[in-house]
Amino acid sequence: MLIRHPDDILPSEITTPRLYQERRRFMSLAGGMALAGILPAGTAHASPASLGPILKSPLSTSEGQTSFKAVTTYNNYYELGTDKEDPAQNTHRLKTSPWTVRVEGLVNKPRTFGIEEILKLAPLEERIYRMRCVEGWSMVIPWVGIPLATLLKLADPQGSARFVEFVSHYDKATMTRGVLDWPYNEALRLDEARHPLTLLAVGLYGELLPIQNGAPLRLVVPWKYGFKSGKSIVAIRLTEKQPVTAWMKAGPSEYGFYSNVNPEVDHPRWSQATERRIGEFSKRKTLMFNGYADQVASLYSGMDLRRNF
Ligand SMILES: Nc1nc2c(c(=O)[nH]1)N[C@H]1C(S)=C(S)[C@@H](COP(=O)(O)O)O[C@H]1N2
Ligand SMILES: [Mo]
């Protein structure tokens, strides 16, 4: 994201939602048949573990969804490689089971959660969100997750807590070295973190998160550029001081703390006024706060969004 502009996904690569449904149906069928002893057991492993009942959220957009194929093969996950196609090909470099997340720092109830516990903290919701990468492309993704606010409430933040930092898993033996000061970390103001739109995602398209999308647990903050949504999170830390994030360290003039999607504030090396929705030919106008202004603009009232980019 530091250097490259997006390559576009060829229309021929796009799976239609219909085909996708068929594929899912086939896989759950194959899984069931293997359990019943009709197919050899190995076949069942092709079936991703399912997430059970998922509520539909009123916070979802009704815009057309980006294909499952594009969502899972055109990724930014630098620990698994810096080309868009790399993460999907390097999933063996990350083991997601067992997995724990520490909630720590300025909280009255610090706690380490197993990923299975997080799946049970609240009913899972589907949130279909627009996502806008700082490089100029966008997608519409049906995430599955729970509000981050639910987890924060359990930890009981102390009065002095003002920021929430998210630390991603890093293993230098198997993951990219250089590029950024690892581990990847991101952060939000506490009120942004508690906002109902802020999601802890555990799945997409009704299934467990693919590794390239940040398994087993990632943040999703739809009104900010994609890099604020850290993947494969191992620690959530409440702090008083504003954390310095990996991208701020790498390029302080290019990546600010807020990184709210803003068509009026250019990246120093390119305009942010338009975007390419993956799977579409013509460009779209980028919307203030990625189209979520009604819900989030009040978080920034009185702030100069050019200075606080
Ligand atoms: N740990 C980690 N999280 C990350 C990144 C990364 O390189 N490492 N890339 C970010 C960027 S720039 C974007 S646009 C989104 C992409 O998410 P997706 O591949 O699921 O669409 O993940 C974000 N989270
Ligand atoms: Mo991004």
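What you see is a predicted model, and the numbers here were worked out from it, not measured in a lab. When a ligand or atom number is given, it counts from 1 through the structure's own listing order.
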CA sep, side-chain torsions, deciding dist, call: E192, K224, salt bridge (charged side-chain N to carboxylate O under 4.0 Å, His left out): CA-CA 10 Å; E192 297 177 320; K224 293 179 180 275; 2.8 Å; yes
Kindly indicate, with the supporting measurements, whether the criterion side-chain hydrogen bond (donor to acceptor under 3.5 Å, both in side chains) is fulfilled by S138 and R284. CA-CA 10 Å; S138 64; R284 294 174 171 251; 5.7 Å; no
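Among the atoms of N76, some N or O lies under 3.5 angstrom from an N or O of ligand 1. For the pair N75 and ligand 1, the shortest N or O to N or O distance falls below 3.5 Å.
Listed by chain and number, the residues in a side-chain hydrogen bond (donor to acceptor under 3.5 Å, both in side chains) with E104 are R102, R237 (sequence neighbours excluded).
Under a 4.0 Å criterion applied to the non-hydrogen atoms of Y77, ligand 1 contributes the atoms 1 (N), 6 (C), 7 (O), 8 (N). Taking a cut-off of under 4.0 Å to the non-hydrogen atoms of C133, the atoms of ligand 1 that pass are 14 (S). For ligand 1, the atoms lying closer than 4.0 Å to a non-hydrogen atom of S168 are 1 (N).
Put simply, NZ on K249 and CG on L180 are 9.5 Å apart, with the number rounded to the nearest 0.5 Å. A distance of 5.5 Å separates NZ in K228 from OG1 in T245, rounded to the nearest 0.5 Å. Between atom CZ of residue R93 and atom OH of residue Y77 there is a gap of 11.0 Å, rounded to the nearest 0.5 Å.
Compare Q212, R218, K228, H169 by their heavy atoms: the one nearest to atom 20 (O) of ligand 1 is in R218.
In this structure, G230 is part of the shell of residues with a heavy atom less than 4.0 angstrom from ligand 1. Note on ligand 1: S229 sits in its first shell, one or more heavy atoms being nearer than 4.0 Å.
Residue contacts with ligand 1 for E79 involve side-chain atoms from C-beta outward but no N, CA, C or O (heavy atoms, distance under 4.0 Å).
The residue from F309, F289, Y292 that alone fulfils the ring-ring contact (aromatic ring centres under 6.0 Å, His included) condition with Y300 is F289.
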